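Here's the structure we're looking at; comments come further down.
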Amino acid sequence: MDRLSDVNGSYWAQTVDLPSFGPLSAATEADVAVIGSGIVGLSTAWELARAGLTVLVLEAGRLASGVTGHTTGKLTVLHTAVYDTLRSKHGDDTARQYAASQSAALRHVLETAEELSIDCELERRPAFTYCERPEGVDALRAEVEAARSAGLDASFVTSTGLPFPIAGAVRVEDQAQFHVLKYLKGLAEDIVALGGRLHEDTRVTQLEAGDPCRLTTDSGTTVSAGHVVVATHHPVFDNALLATRLTQHRDLVIAGPVAARHDPGGMYICEEGGKRSVRTAPLADGGRLLIVTGEAFTPGSGEDTEAGYARLQAWAEQHFPGFSVAFRWAAQDNSSTDTLPLIGHLPSGGENVYVATGFAGWGMTGGVLAGTVIASLVRGEEEPWGGLYDPGRAGSPLRSAPTYLKAQWEAGKHFVKDRLDTLGDGTNGPVESLRPGDGTVVRAGGKPCAVHRDDQGELHAVSAVCTHLGCLVAFNNAERTWECPCHGSRFGIDGEILQGPALSPLERKDPDEL
């Protein structure tokens, strides 16, 4: 299989002409400053601009280039087996509220796309959670019963449009899929039309809560804002340590054209065998783009991601005749330890700082929902879902404790074990044996150092200590990135920040001193 660099990047990013915005170059002020331009940030900004507030969106990189630009674009309220989980953890009322709020978000996208005449390849499709093994059927039947009790039109089926037999599936009708970046392009253009301002290549490095709040960017420019929305996927200003209530995972994604007759006619997900998620998107020639997701892993785990791509490709080629990989990318998600996303006031951030995170891979409805919830709070209105997603909630500690403790154990294990692994001879693998395209962590001058050899044989060296909370990074051999196993920060081979919560790059080292 070709390396990722040969079929690099998200299909969505390569098939949309997003507007460009210059960096923030002078001190400014606004009613609301939104940090991040993914689906949470732009949805929130649009709601508030529409309400007549002055809105400023600050994006560290390119518009919608983070997690949102690497999604699969499913708009569905069927989130694997969430309803049975919510019912068992939090009760029937919570499951019903979750279903109602996610359904409202789906409708909101449909209404907004129509209102703004956004051509975002919106298609109505059924959604399925399926299993191939008979032992998984009882759990799916329980999910059907829980989803129906929560108010959804769910059914149990044993046949689908998939080109292989299944043991059973949960089916929910009339869901949707779309080209998320074309949708966000429409929102961004309307935000500007409503008087909002957007700035790219503007990383916020400091947040001082207050009335007003004060933001400082990497160029030294400042912003004064009455309200601040932290819409950065993982909260980068985490005084309340929300990171302790979040777990991280990445999924590999492949996509390529198939004949329209091979379209399975829905959106599918299965948690068996490393997870498989399938949908298609329309192509201009009348065919379909098959999108397959799976091979989930924890960032920074050091897993062989090239091998994961190979397994995903082999699966797709086996089941869908004529499929070949045209695009490859990866998506990162985080999940809260009590299953519910965290949307609302940032704990310990004051009454005018807000956050949205923990969507567990369902950020399309979750991100739109976050926009409506935070906009209501900023406007001083009653939060529409009664605090269901409040980041400061007490929750059900006994029922959530196992997941919470496991998350803390994993982070603590890496913090200690990774350092022990770099003692002794000082290496996770000698630099001399590094092949082009590979990376390793060594000890140089008594400190852990991350070293990569590029395709031309040149070495690149940076500190292996994540600038967020000090865990050691590991190499992702498909994406050629350094990733933190504790909280999911990602860095380029020369240490530049690709994904937070880290706010500073990895320190560069001299390869000649290794």
Side-chain angles (χ1 to χ4, degrees), residues 38-51 68 71 73-80 82-83 85-87 90-116 118 120 122-127 129 143 146-154 170-178 180 183-184 186-187 190 229 231 267 336 339-345 354-391 393:
I39 194 164
V40 173
L42 292 184
S43 294
T44 306
W46 182 70
E47 298 287 346
L48 293 170
R50 189 172 60 158
T68 298
T71 182
K74 295 180 180 179
L75 284 163
T76 175
V77 301
L78 182 61
H79 300 167
T80 55
V82 72
Y83 296 101
T85 301
L86 287 175
R87 185 167 64 170
H90 305 289
D92 289 336
D93 285 346
T94 293
R96 281 192 288 268
Q97 275 191 296
Y98 185 91
S101 60
Q102 299 291 327
S103 298
L106 194 160
R107 291 193 301 272
H108 196 51
V109 172
L110 302 179
E111 293 165 357
T112 301
E114 182 177 5
E115 176 185 342
L116 301 182
I118 303 175
C120 56
L122 192 59
E123 299 176 309
R124 304 305 297 267
R125 294 288 178 100
T129 298
E143 178 65 8
R148 291 182 66 86
S149 179
L152 299 180
D153 182 15
V170 184
R171 176 173 178 145
V172 174
E173 303 293 341
D174 211 23
Q175 304 301 285
Q177 56 190 29
F178 69 156
V180 60
Y183 176 76
L184 292 186
L187 289 191
D190 202 52
V229 180
M267 300 174 289
S336 74
T339 305
L340 292 165
L342 305 165
I343 306 170
H345 292 284
Y354 311 86
V355 69
T357 187
F359 298 115
W362 302 104
M364 297 300 93
T365 52
V368 174
L369 168 67
T372 60
V373 169
I374 293 174
S376 294
L377 294 173
V378 169
R379 295 193 301 261
E381 300 170 359
E382 183 178 352
E383 198 270 289
W385 303 107
L388 176 67
Y389 300 105
D390 182 5
R393 62 182 178 264

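Remember, predicted model here, so these are calculated numbers, not experimental data.
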Steps toward side-chain contact (heavy atoms from CB on, under 4.5 Å) verdict (Arg50, Asp190):
CA-CA 9 Å; Arg50 189 172 60 158; Asp190 202 52; 5.9 Å; no
Check against side-chain contact (heavy atoms from CB on, under 4.5 Å), Val109 and Met364
CA-CA 9 Å; Val109 172; Met364 297 300 93; over 6 Å; no
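The shortest distance between side-chain heavy atoms of Glu47 and Ile374 does not fall below 4.5 Å. Between Thr94 and Leu340 there is a side-chain heavy-atom pair separated by less than 4.5 Å. The closest side-chain heavy-atom distance from Val180 to Cys120 is not below 4.5 Å. Residues Leu75 and Leu122 form a side-chain contact, since some pair of their non-hydrogen atoms from C-beta on lies under 4.5 Å apart.
Here salt bridge (Lys or Arg N to Asp or Glu O under 4.0 Å) pairs that include residues 361-374, with residues two or more places apart or in two chains, number zero. Sequence neighbours left out, the pairs with a member in residues 364-378 that pass side chain to side chain donor-acceptor pair (under 3.5 Å) are Gln102-Thr365. Screening residues 95-110 for salt bridge (Lys or Arg N to Asp or Glu O under 4.0 Å) gives Asp93-Arg96 as the qualifying pairs, with residues at least two apart or on separate chains. Judged as a salt bridge (Lys or Arg N to Asp or Glu O under 4.0 Å), the pairs with a partner in residues 371-391 (not counting sequence neighbours) are, in order, Arg379-Glu381.
Across all their heavy atoms, Ala370 and Ala356 have their closest contact at CB-CB, 3.7 Å. When all heavy atoms of Ile39 and Gly363 are compared, the pair lying nearest together is CG2-O, 3.5 Å. Closest heavy-atom contact between Ala231 and Val40: CB-CG1, 3.7 Å. Contact between Thr68 and Gly38 at its shortest, heavy atoms only, is OG1-CA, 3.5 Å. The shortest non-hydrogen separation linking Ala154 to Ala147 is CB-CB, 3.8 Å.
Contacts of Thr112 classified as side-chain contact (heavy atoms from CB on, under 4.5 Å), with partners at least two apart in sequence or in another chain: Trp46, His108, Leu116, Tyr183, Leu187. Contacts of Asp92 classified as side chain to side chain donor-acceptor pair (under 3.5 Å), with partners at least two apart in sequence or in another chain: none. Shown here are the side chain to side chain donor-acceptor pair (under 3.5 Å) partners of Gln175, two or more places apart in sequence or in another chain: Thr76. Remark: Tyr354 engages His227, His345 in a ring-ring contact (aromatic ring centres under 6.0 Å, His included) (not counting sequence neighbours). Qualifying salt bridge (charged side-chain N to carboxylate O under 4.0 Å, His left out) partners for Glu143, counting only residues two or more places apart in sequence or in other chains: none. Shown here are the ring-ring contact (aromatic ring centres under 6.0 Å, His included) partners of Tyr98, two or more places apart in sequence or in another chain: His79, Tyr83. In this view, Thr71 satisfies the side chain to side chain donor-acceptor pair (under 3.5 Å) rule with no residue, not counting sequence neighbours. Remark: Ser103 pairs with no residue by the side chain to side chain donor-acceptor pair (under 3.5 Å) rule, at least two apart or across chains.
A donor-acceptor pair under 3.5 Å links the side-chain atoms of Gln97 to the main chain of Trp385, judged by distance alone. No donor-acceptor distance shorter than 3.5 angstrom exists from the side chain of Thr129 to the backbone of Val170, with no hydrogens or angles considered.
Once rounded to the nearest 0.5 Å, the distance linking CZ of Arg125 with CG of Asp174 reads 12.5 Å. Atom CD1 of Ile343 and atom CZ of Arg393 lie 8.5 Å apart (nearest 0.5 Å). To the nearest 0.5 Å, atoms OG (Ser43) and CG (Leu48) are separated by 11.0 Å.
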